[in-house]
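Lettering follows sequence order; numbering is per chain, from 1.
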There are 2 protein chains.
Amino acid sequence: MSKNALPGLTLCNNAMLRRAARKLGQFYDDVLAPSGLKATQQGLLYQIHIGDEPAMGAIASSLIMDLSALGHTLKPLIRDGYVETFADPDDRRIKRVRLTPRGLVKLDEVMKLWHVAQQRFEDVVGKDQATSLRAALDGIAALDFDLPPAG
Amino acid sequence: MSKNALPGLTLCNNAMLRRAARKLGQFYDDVLAPSGLKATQQGLLYQIHIGDEPAMGAIASSLIMDLSALGHTLKPLIRDGYVETFADPDDRRIKRVRLTPRGLVKLDEVMKLWHVAQQRFEDVVGKDQATSLRAALDGIAALDFDLPPAG
DNA sequence: CTCATTTAGTGGCATATACCACTATAACCG
DNA sequence: CGGTTATAGTGGTATATGCCACTAAATGAG
């Protein structure tokens with residue numbers, strides 16, 4: 001009944017990454033649960049907050065997320081009144097995003113919980129380990145897998 | 001227009017992990033696309049294949065995935081005839097999973113593409129880097145975040 | 001044996017995330 | 001200026017995942 005009775009699991013970089021993401025996501029989600037937000041939503045609110053009324057495209061590319069996926073993810077936050085959008089006056093194709101006052105309050109609340117989760121994570125894995133892990137993950141996010149142009 | 005105009009992004013372990021997972025997922029998915037399978041599905045077929053007609057619970061716990069999530073994820077694979085399930089004769093609560101002949105053929109096909117993606121990843125990040133990354137991710141997956149029992 | 005409890009999965013609902021086709025707007029070119 | 005192209009988002013559809021309430025089946029206590 002060991003947790004890892006199945007072999008071979010550790011071979012695929014992508015599978016391992018997703019697996020770790022599920023684990024960590026469950027942990028962060030648990031800790032954030034009292035706020036009613038998921039970790040993804042907390043992260044998104046935070047990104048919006050630290051940006052200067054960022055355009056959707058800017059957020060999406062920062063988060064390496066599909067633009068339409070961002071749009072979908074934003075919907076519950078808009079519905080719940082944490083976030084609002086408005087067209088850029090200089091380019092009406094661009095939709096900018098900001099927190100509502102209510103969203104600011106909520107962010108404050110959820111960030112307290114986030115600190116708990118973050119701290120607990122770093123207690124368990126070690127601060128330096130966590131830092132180098134994040135660096136490694138940032139490295140992956142920055143990779144370019146394109147084959148060098150043949151011509 | 002830098003990709004990372006927004007600051008602060010790199011602070012959250014969970015957010016960074018998800019971000020890297022999106023990036024890598026997109027890459028693996030791209031490479032596997034000709035097979036018609038997503039990387040998650042390839043990974044799942046593979047897990048089923050290397051297991052001995054594993055029970056759903058066993059798969060779920062190996063992958064650190066919610067049991068019901070596994071059930072949902074399995075549905076398209078069953079619908080497309082790659083996978084079938086059957087009740088364990090000794091314990092009818094248990095549902096075991098196996099590949100169909102068609103599933104085996106498909107796995108073969110998709111694994112060829114997987115090797116391409118995997119190889120390309122390791123070319124780009126380095127074999128040793130990849131190995132230690134996977135080890136780190138496995139470490140995260142194995143963490144225990146429970147607070148030590150107060151009693 | 002019978003009832004309470006635990007275990008294994010299911011189904012519904014909600015969010016996360018991607019791709020595609022489409023629309024609106026801006027930018028560019030002759 | 002007018003038509004073509006490029007850019008920014010939207011909506012639909014599909015998979016990925018999680019939680020909860022529920023059912024079925026096995027286990028354990030009396």
4.5 Å side-chain heavy-atom contact, A:Arg120 and A:Val31: no
Provide, to the nearest angstrom, the distance between the CG atom belonging to B:Leu45 and the P atom belonging to D:dA16. 10 Å
Rounded to whole angstrom units, what separation is found between the CE atom of B:Met65 and the P atom of D:dG18? 6 Å
Please determine if a side-chain N or O atom of B:Thr73 lies less than 4.0 Å away from the OP1 or OP2 oxygen of D:dT15. no
Rounded to whole Å, NE2 of B:His72 lies from P of D:dC20 at a distance of 13 Å
Just N and O in the side chain of A:Arg18: are any of them under 4.0 Å from OP1 or OP2 of D:dT17? yes
Closest nucleotide of DNA chain C for A:Gln41 versus for A:Asp90: which of these residues is on the 5' side? A:Gln41
Nearest-angstrom distance from the residue atom CG of A:Leu24 to C1' of D:dT17: 15 Å
Heavy-atom nearest nucleotide on DNA chain D for A:Asp30 versus B:Pro76: which residue maps closer to 5'? B:Pro76
Taking the inter-plane angle between the rings of A:Phe121 and A:Tyr28 on a 0 to 90° scale, is it parallel (under 30°), tilted (30 to 60°) or perpendicular (over 60°)? tilted
Give A:Arg96 one of three labels, base, sugar-phosphate or nothing, depending on what nucleic acid heavy atoms sit under 4.0 Å from its own. nothing
Whole Å only: how far is the CG atom of B:Asn14 from the C1' atom of D:dG18? 14 Å
Does B:Ser68 place a side-chain N or O at less than 4.0 Å from the phosphate oxygens OP1/OP2 of D:dG18? no
Residue pairs fulfilling side-chain hydrogen bond (donor to acceptor under 3.5 Å, both in side chains) with at least one residue in residues 69-85 of chain A, sequence neighbours excluded: A:Glu84-A:Arg98
So, does A:Arg92 get its side chain near the phosphate of D:dG9, meaning an N or O under 4.0 Å from OP1 or OP2? no
Check B:Glu122 against B:Ala130 and note the closest heavy-atom contact, atom names and distance. OE2-CB, 3.5 Å
Using a heavy-atom cut-off of under 4.0 Å over every strand shown, decide if A:Asp66 touches base, sugar-phosphate, or nothing. base
For B:Leu67, report the nucleic acid contact type (base, sugar-phosphate, nothing); a contact means any heavy atom under 4.0 Å. base
Checking contacts here: which listed nucleotide (C:dA18, D:dG9, D:dT15) is nearest the side-chain heavy atoms of B:Arg79? D:dT15
What I want to check is whether the side chains of B:Gln26 and B:Asp30 have a donor and an acceptor closer together than 3.5 Å. no
To the nearest Å, how far apart are B:Arg19 CZ and C:dA18 P? 13 Å
How many whole angstroms separate atom CG of A:Leu44 from atom C1' of C:dA16? 11 Å
So, is A:Arg93 near the phosphate of C:dA24, with a side-chain N or O under 4.0 Å from OP1 or OP2? no
Please state how far atom CZ in B:Arg22 lies from atom P in C:dT15, giving the value in whole angstrom units. 17 Å
Out of D:dG18, C:dA16, D:dG9, which has the shortest distance to the side chain of A:Ile94? D:dG9
